[in-house]
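Letters go in sequence order (proteins before strands), and every chain restarts at 1.
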2 protein chains.
Amino acid sequence: MERELLLLGLLRQGAMHGYQLNDFIERNLAFCTDLKKSTAYVLLDKLQARGWVTMQEARAGNRPHKRVYSLTAAGEDAFQRLLRENLGEFVAAKTGSDIGLAFIDALPKREALRLLNRRRAALAEQLTEFESAPQHQGSYQLLIDHQLNYLRCELEWLSQVIARMQSRRVPLRRGSARA
Amino acid sequence: MERELLLLGLLRQGAMHGYQLNDFIERNLAFCTDLKKSTAYVLLDKLQARGWVTMQEARAGNRPHKRVYSLTAAGEDAFQRLLRENLGEFVAAKTGSDIGLAFIDALPKREALRLLNRRRAALAEQLTEFESAPQHQGSYQLLIDHQLNYLRCELEWLSQVIARMQSRRVPLRRGSARA
DNA sequence: TTTTCCATGTAACTCGTTACATGATTTC
DNA sequence: GAAATCATGTAACGAGTTACATGGAAAA
C-alpha cells in the first residue's frame with residue numbers, strides 16, 4: 001500500500017493527471033520510491049476502481065487529452081487509514097546487497113579490501129550527491145534527512161569494517177617467516 | 001543474483017539438500033533474506049539447469065528421498081563472480097515504509113507523535129531481540145553487526161525526529177490564547 | 001494416535017517492469 | 001523538419017509468493 005499512499009497523498013494536495021504525478025515523483029521523490037510511470041497509470045486505474053479517486057477527461061487548448069484525478073471522500077478515508085498504518089509500524093529496510101558479506105572470507109584479504117573500498121567509494125559518492133541536493137519544504141525534508149542519516153551510518157559502519165579488516169593480521173601460513 | 005549467491009555460498013561449504021538449506025537459512029539468516037522455501041526449490045532447479053550445481057538423489061534409511069546438490073566448477077566460478085560483483089557495489093536499502101513521513105503533517109500533532117512513538121517501540125523491540133541473539137561465527141557475524149548498526153541508527157534518528165516534533169510549538173490558531 | 005518433523009514440489013496468482021505503440025505540440 | 005515535451009496506455013514477461021498437494025517417519 002506504499003504506492004497507493006503516495007498517490008493518494010499527492011492527489012490530496014489537488015487534482016492532477018498522471019503525467020503531472022509522474023513528473024513530480026521523478027523530480028522530487030526519486031530517491032525514496034521506484035514507482036515507474038507505467039505502473040502509476042495502472043495504479044490510478046485501480047484507485048478509481050476502488051472509488052478512491054474520480055477521473056475527468058480534460059483538455060487545455062489543443063494539448064493532448066488528460067485524465068485528471070481527484071480524491072474522493074472514500075479516498076481521503078483510505079489515505080488517513082493507510083497513513084496511520086504506515087506511521088505506526090516499523091518495517092526494517094531490505095538491504096540490497098548484504099549477503100556477500102557473509103562470504104567475504106572466500107576471497108583473499110587483499111581483494112576483499114579492494115572491493116570494500118570500491119563499495120565505500122560508491123556509497124560516499126551517493127552521499128555527496130545527496131548532501132548537495134537542494135532543501136525541500138515541509139515534511140519532504142524529513143525523507144531526505146532520513147536518507148542522509150541512513151547513508152552516513154552506512155558509510156561509518158563500512159569504514160569501521162574496512163579498518164578492522166586492515167588491522168587484523170593476515171593469518172600465517174605454514175612456513176611463513178615469524179618475527 | 002542475491003539469492004543465487006546465497007545458495008551457492010552455502011553449497012560451497014558442502015553438499016546439501018533443499019530442506020537443509022531452507023532450514024539453515026531460516027535458523028541463521030532469516031533476518032537478512034526473505035527467501036521462501038518453495039522459491040529455494042525452484043531456484044535449485046535453475047542452478048542445476050545452468051550447470052552450477054549437480055543433483056543426486058539419496059535416501060538415508062527409510063527417510064524420504066532427498067535431492068542433494070553440490071557445487072560444480074562452473075558453480076564456483078559463478079560464485080566468485082557474483083561475490084565480487086556484490087561486494088564491490090553499494091546498493092542502498094529500500095526502506096519499507098518511508099513515504100508516510102512525507103505526509104505526517106496531515107495528522108494532528110498529538111496523533112502523529114502517538115504513532116511515531118509506537119513505531120519507535122516496535123523498532124526498539126526488534127533491536128532488543130536482535131541484541132540478545134547468540135553470536136555467530138566468522139563472517140556471518142558481520143551481517144548481524146550490520147543489522148544492529150542499522151537498527152541503532154534508525155532508532156536514534158527516529159528519537160531525534162520525535163524530540164524535535166515535541167519541542168516545536170503547536171501552530172497557533174486564530175483566537176488561541178497568546179501568553 | 002495425533003502432531004511434529006522430514007522432504008519436495010506444482011499451479012495459480014500478484015505485483016511490477018520492459019518494451020512497445022501512439023499521437024499531438026512546441027521548440028530548435 | 002527534427003527533436004523534445006506532453007500525455008497515455010497495453011501486452012508480454014519475470015520474479016516471487018501463496019496455497020495446495022503428497023507422503024513417510026518419529027515423537028508425544
Please pick, from [options], the nucleotide with the shortest atom-to-atom distance to any side-chain atom of [X].
| X | options | answer |
| --- | --- | --- |
| B/K46 | D/dA15, C/dT8, C/dT17 | D/dA15 |
| B/V42 | D/dT5, C/dT10, D/dT10 | C/dT10 |
| B/Y41 | C/dA7, D/dT17, D/dT5 | C/dA7 |

In whole Å, what is the span from the [atom1] atom of [X] to the [atom2] atom of [N]?
| X | N | atom1 | atom2 | result |
| --- | --- | --- | --- | --- |
| B/H65 | C/dC6 | NE2 | C1' | 11 Å |
| B/L35 | D/dT17 | CG | P | 7 Å |
| B/K37 | D/dG16 | NZ | P | 18 Å |
| B/Y19 | C/dT4 | OH | P | 13 Å |
| A/E57 | D/dC6 | CD | P | 19 Å |
| A/D23 | D/dT8 | CG | P | 11 Å |
| A/E4 | C/dT14 | CD | C1' | 12 Å |
| A/E26 | D/dC6 | CD | C1' | 13 Å |

Under 3.5 Å, is there a donor-acceptor pair between the A/R120 and A/S159 side chains? yes
For this session: Verify whether one side chain among B/S97 and A/N86 offers a donor that lies under 3.5 Å from an acceptor in the other.
Result: no
Check the phosphate of [N] against [X], side-chain N and O only, distance under 4.0 Å to OP1 or OP2. Yes or no?
| X | N | answer |
| --- | --- | --- |
| B/T39 | D/dG16 | no |
| A/K36 | C/dT17 | yes |
| B/H17 | C/dA7 | yes |
| A/R3 | C/dT14 | no |

*asked:* Working note: A/E57 + A/K66, criterion salt bridge (charged side-chain N to carboxylate O under 4.0 Å, His left out); need CA distance, chi angles, decisive distance, verdict.
replied: CA-CA 6 Å; A/E57 295 261 354; A/K66 301 178 208 178; over 6 Å; no
* Asked: Are the charged groups of B/R12 and B/E76 less than 4.0 angstrom apart, N to O?
  -> yes
I'd like to know if B/K37 pairs up with B/E26 as an ion pair, taking the criterion as any Lys NZ or Arg NE/NH1/NH2 lying under 4.0 Å from an Asp or Glu carboxylate oxygen. yes
Exercise. Is a donor-acceptor contact shorter than 3.5 angstrom present between the side chain of B/S38 and the base of D/dA19?
Worked result: yes
Looking at every strand, decide which applies to A/D34 at a 4.0 Å heavy-atom threshold: base, sugar-phosphate, or nothing.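 Here A/D34 touches the backbone only, sparing every base.
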Exercise. Please work out if B/N22 contacts a base, only the sugar-phosphate, or nothing of the nucleic acid, heavy-atom cut-off 4.0 Å.
Key: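 Nothing, no nucleic acid heavy atom in range.
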